[in-house]
Amino acid sequence: MVKSFNDPIESPINRHNPPEGVYATGFKLHYTDGTVYAGTGDLLNAWDQATTTGLQVLVIYESSVDGMGRPTRHMVHGVDYYGYDGDTFYGCNDTRGVKGKVLYGEWTTDEEFEKIRIKAFNDYDI
């Protein structure tokens with residue numbers, strides 16, 4: 001069967017799936033324009049208040065810590081759609097895999113993306 005441009009894309013879904021007993025304590029959204037939005041406390045409400053477009057990197061902060069006492073984190077980037085349903089964070093290139101409010105990724109140059117990614121990677125404060 002030949003696929004057309006309008007056929008849905010089959011792509012893997014990136015789900016935040018922490019080890020047993022570990023949970024998300026917050027998240028940060030890093031946008032193309034340099035804006036960083038942090039969500040803590042009521043994560044679903046914080047997600048629902050986030051800017052919808054221009055997302056580059058989602059960083060999920062977890063309840064566990066690494067060997068240096070910093071929170072463990074899960075980073076999601078390079079996808080078109082991001083979601084959170086109050087339980088699980090999602091990232092994928094097909095909206096059928098995203099639950100909750102959808103935030104939209106945005107293309108930028110490799111150089112600009114790398115600046116944003118490094119900033120997100122080095123940020124352990126929530």
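We count residues from 1, following the sequence as given. Bear in mind the structure is a predicted one, so any value in this text is a computation, not a measurement. As a basis for the values below, the full set of heavy atoms in this structure was taken, side chains included, without hydrogen atoms, waters or symmetry mates.
Between H16 and H74, the ring planes lie tilted relative to each other; the angle falls in the 30° to 60° range.
The closest donor-acceptor contact from the side chain of Q56 to the backbone of E106 lies under 3.5 Å. The closest donor-acceptor contact from the side chain of D80 to the backbone of G105 lies at 3.5 Å or more, if one exists at all. The backbone N or O of V57 lies less than 3.5 Å from no partner atom in the side chain of Y82, so there is not a single donor-acceptor pair.
Of the inter-residue distances, the one linking I60 atom CD1 with T25 atom OG1 reads 10.5 Å to the nearest 0.5 angstrom. Here OH of Y61 is found 5.0 Å from CD1 of I126. Values are rounded to the nearest 0.5 Å. Annotation: the span from D110 atom CG to R117 atom CZ amounts to 11.5 Å, rounded to 0.5 Å. Between the CG atom of L29 and the CH2 atom of W47 there is a distance of 5.5 Å, given to the nearest 0.5 Å.
Side-chain contact annotation: T108 with T32, donor-acceptor N/O pair under 3.5 Å absent. Side-chain contact check for D48 and Y84: no donor-acceptor pair (N or O, by modelled atom type) lies under 3.5 Å.
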Requested in this report: Starting from the C-alpha separation in whole Å, work towards a yes-or-no answer on side chain to side chain contact (heavy atoms under 4.5 Å, CB included) for H77 and L55.
Outcome: CA-CA 9 Å; H77 53 77; L55 188 56; over 6 Å; no
**Report entry** Residue pair D66, Y124: steps toward the side chain to side chain contact (heavy atoms under 4.5 Å, CB included) verdict
**Finding:** CA-CA 11 Å; D66 66 14; Y124 282 88; 4.2 Å; yes
Report task. Start with the C-alpha distance between V79 and Y90, add both sets of side-chain angles, then the distance that settles side chain to side chain contact (heavy atoms under 4.5 Å, CB included), and finish with yes or no. Result -> CA-CA 10 Å; V79 296; Y90 302 87; over 6 Å; no
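Contact of the P18 side chain with the E62 side chain is registered, since non-hydrogen atoms from C-beta on lie closer than 4.5 Å. Side-chain contact between V59 and F27 is absent, with no heavy-atom pair separated by less than 4.5 Å.
Annotation: cation-pi pair R73/F121 present, NZ/CZ under 6.0 Å from the ring centroid and within 45° of its normal.
Partners of D123 by side chain to side chain donor-acceptor pair (under 3.5 Å), not counting sequence neighbours, listed by chain and number: K28.
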